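Presented below is the structure to which this report refers.
Each ligand, and each atom within it, is numbered from 1 in the order the structure gives. All values derive from a computational prediction rather than experimental measurement.
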Amino acid sequence: MVFYKTDDEIELIKQSCQLLSKTLGYIKPFIVPGTKTIAIDKKAEEFILDNGAKPSFKGYRGFPYTLCISVNDQIVHGFPSEYEIKDGDIVSVDCGVYMNGFHGDSAYTFEAGEVSPDKKALLKVTKESLYKGIAMASEGNRIGDISNAIQTHAENNGYSLVRELIGHGIGKQLHEEPEVPNFGKKGRGMMIRQGLVIAIEPMVNMGKKEIKQWKDGWTISTRDAKPSAHFEHTIAIVNGKAQILTTFDYIESKK
Ligand code: MG
Ligand code: MG
């Protein structure tokens with residue numbers, strides 16, 4: 001069942017989303033060669049707790065950390081660890097914040113040091129795919145319109161879309177209905193209407209779409225070991241259109 005949100009609830013979700021976006025901005029300076037990813041997780045956790053909120057992921061179905069940190073060929077759900085970030089890595093950081101009874105969810109793939117042109121292009125197209133999807137998230141459209149816009153843009157640039165992991169409704173629960181796949185047909189799926197709050201999150205592979213799951217039970221990486229990127233915003237349908245509740249402005253130094 002889909003839980004449509006009131007304006008007041010959307011405002012609360014936005015507060016969680018804003019703190020989450022600030023958290024991603026706060027950790028950006030630490031995503032440099034030589035930093036252990038576990039140290040970034042600690043920074044994020046402290047920042048969220050200091051601001052009176054809780055990390056959504058920690059303890060979620062037993063996930064042990066505040067952040068999912070997925071480097072290079074890791075797609076999502078990577079564990080922060082003793083791994084030291086290297087020059088040229090792409091580092092996907094996925095974070096959730098829980099405050100005032102509501103979750104926010106956002107992910108960004110950062111560049112560490114000098115990143116190769118082919119990885120830069122992957123990041124650019126993945127982020128563009130996210131915004132193409134968001135542009136289709138308007139009242140009267142269907143979930144498939146979002147999915148199709150993401151898939152079309154990524155595939156037109158020669159990349160592939162992960163099938164097994166998808167976007168989702170969000171609110172009092174981190175993952176709610178509906179499912180928001182990153183592939184699909186126009187005009188299919190649930191009708192989009194006022195009060196829908198969803199996380200849209202394309203995971204785009206440079207090579208083939210196939211994935212593998214690690215023995216840790218969480219980490220997902222590409223089967224062909226080629227890089228993968230991930231960008232995610234939480235959005236709400238307000239006055240017929242998508243309002244983006246998270247922002248990359250704190251990361252991209254626009255605030
Ligand atoms: Mg996420
Ligand atoms: Mg999500």
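Looking at Lys119 and Asn72, their side chains do bring a donor and an acceptor atom within 3.5 Å of each other. Between the side chains of Gln15 and Asn100, a donor-acceptor pair is found at a separation under 3.5 Å.
Salt bridge status for Glu252 with Lys28: absent, with no side-chain N to carboxylate O gap under 4.0 Å.
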- Query: Could you go step by step and tell me if Asn205 and Ser228 meet the side-chain hydrogen bond (donor to acceptor under 3.5 Å, both in side chains) rule?
  - Reply: CA-CA 4 Å; Asn205 294 350; Ser228 181; 2.7 Å; yes
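The number of protein N, O or S atoms lying under 2.8 Å from the Mg ion (ligand 2) is 4.
Within the structure, ring-ring contact (aromatic ring centres under 6.0 Å, His included) contacts touching residues 133-171 (residues at least two apart or in different chains) are His168-His175.
Not one N or O on the side chain of Thr37 forms a donor-acceptor pair closer than 3.5 Å with the backbone of Ile69.
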